[in-house]
Amino acid sequence: MADGTEQKSSNQMWGGRFASGPSAIMEEINASIGFDKKLYAQDIRGSIAHATMLAAKGIISGEDKDKIIHGLNTIQSEIEAGSFQFSRKLEDIHMNIEARLADLIGPAAGRLHTARSRNDQVALDFRLWVKEELQKTEAMLTALITAFLDRAEEHADTVMPGFTHLQTAQPVTFGHHCMAYVEMIGRDRARVRHAIEHMDESPIGAAALAGTGYPIDRHMTAKALGFREPTRNSIDTVSDRDFALEFLSIASICATHLSRLAEEIVIWSTPQFGFIRLSDAFSTGSSIMPQKKNPDAAELVRAKTGRINGSLIALLTIMKGLPLAYSKDMQEDKEQVFDSAESLELAIAAMTGMVRDLDVRADKMREAAGSGYSTATDLADWLVREAGLPFRDAHHVTGHAVALAEQKGCDLSDLSLEELQSINPAITAGIFDVLSVEASVASRTSFGGTAPSEVRKQIAWWRAKN
Ligand code: ARG
């Protein structure tokens, strides 16, 4: 009810699932313990660093500090043993731990919250969590890069069609295609490293928003918690969730890369393409069609990307209207990040497994690379180089050759010299050296090009950097 007293039965209009009226609803909308219990280890680490600093500065006694630290360590063991009783009435992880500390050590527990607030406490806990998650992500991305480098090395000479608009464009190698993903994942990893650097500042000691009059040492707590330095503005510190937004943006871009790979895996593993066969470990059968092998893991990576992108938009939208400093809206940051972190970890792990395991059908790739007039550009380039035609004219002549091959239902390399000469008399037998897909690929030696020699150079560069 409006005056805050409990109702016996729930309100008929809006209280359907709430047995005891408004105060129960308030408790449910307000509590974050259901998800922020994930921050218990960071909360305890932060409190130990804070208590240690308070004692070092003479703000609390050494004896109280020892009791506090002992109590916090006991609580950590209780949580890890599954014997800790979480209470929704105590709202969040910070108050759950503090209340238990009071049970365990008595009045000394009340001294822990000197010179801090839940606002800087939650900013600290969450930042520590995100930083650790980014460090884990960095290692996982390194493993994915390694998987791609291994496959690229193995298939530096394996010819496949390169596509634009998903139409056969020019022959490339599978190794070169793998290296495209190395570049993408490499940029993701660079963004992760950058973000770790950005967020490497300790929020604790900003207190509610204005700092504190106690003689605290924020450099000491920053150092103890593994941060480079303390944050410089107490208002910004408790208002800021850029580190969470950066995590979600990085996760979205990375997941978008994985989703494009997932899409390629789905296409390539169809019988119509047949470029790859997925291992049983990353596919499933159909309950009704015995011949099927479905790329479920790839499809789920593609879908999780939608979920991660949604979380980024959700948190941007949560933050966009908030005046400085802290508002309770910010409590909604955690589920977005936790859910995305879990999805991203799964997506990277699944992709690493798929890349390592997938069976490359070099014969099918070679066959497809030769069809679709993929060496038409090579023919045009030959006319420029060997017969001195301007590229535009060479393009025109090549168009005639493609039309003739199409009419005959054969590939460019199947046309006879006479047929080619009927289109342009300057053509000689030397043309056949460039019409094969292998010759085409080997000729593309420009920096970053698809020639196997060039791809091997790029692999070596990444191996040294990885
Ligand atoms: N559970 C809160 C959160 O996640 C902790 C901070 C609460 N601070 C406050 N002034 N009510 O944001």
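Whatever order the structure lists ligands and atoms in, that order sets their numbers, starting from 1. Computed from a predicted structure; not experimentally measured.
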In terms of residue, atom name and distance, what is the protein heavy atom nearest to atom 6 (C) of ligand 1? Tyr326 OH, 3.4 Å
Basic-acidic side-chain contact under 4.0 Å: Arg277, Asp357: no
Atom indices of ligand 1 within 4.0 angstrom of Ser32 heavy atoms, with elements: 1 (N)
Rounded distance (nearest 0.5 Å) linking atom CG of Asn96 with atom CG of Leu90: 5.0 Å
Which atoms of ligand 1 have any heavy atom of Asp92 under 4.0 Å away? 1 (N), 2 (C), 5 (C)
Assess whether a salt bridge exists between Glu454 and Lys457, defined as any Lys/Arg side-chain N lying under 4.0 Å from an Asp/Glu carboxylate O. yes
Got a salt bridge between Glu229 and Lys223, using NZ or NE/NH1/NH2 to carboxylate O under 4.0 Å? no
Hey, is Glu183 close enough to Arg189 for a salt bridge, meaning N to O under 4.0 Å? no
Salt-bridged, Glu367 to Lys364, with N to O below 4.0 Å? no
Enumerated ligand 1 atoms positioned under 4.0 Å from heavy atoms of Asn119: 8 (N), 9 (C), 10 (N)
Judged by heavy atoms only, the candidate from Arg118, Met330, Met95, His94 nearest atom 11 (N) of ligand 1 is Arg118
Location of contacts on Lys334 toward ligand 1, heavy atoms closer than 4.0 Å: side chain
For atom 2 (C) of ligand 1, which candidate among Glu91, Glu332, Arg241, Gln331 holds the nearest heavy atom? Gln331
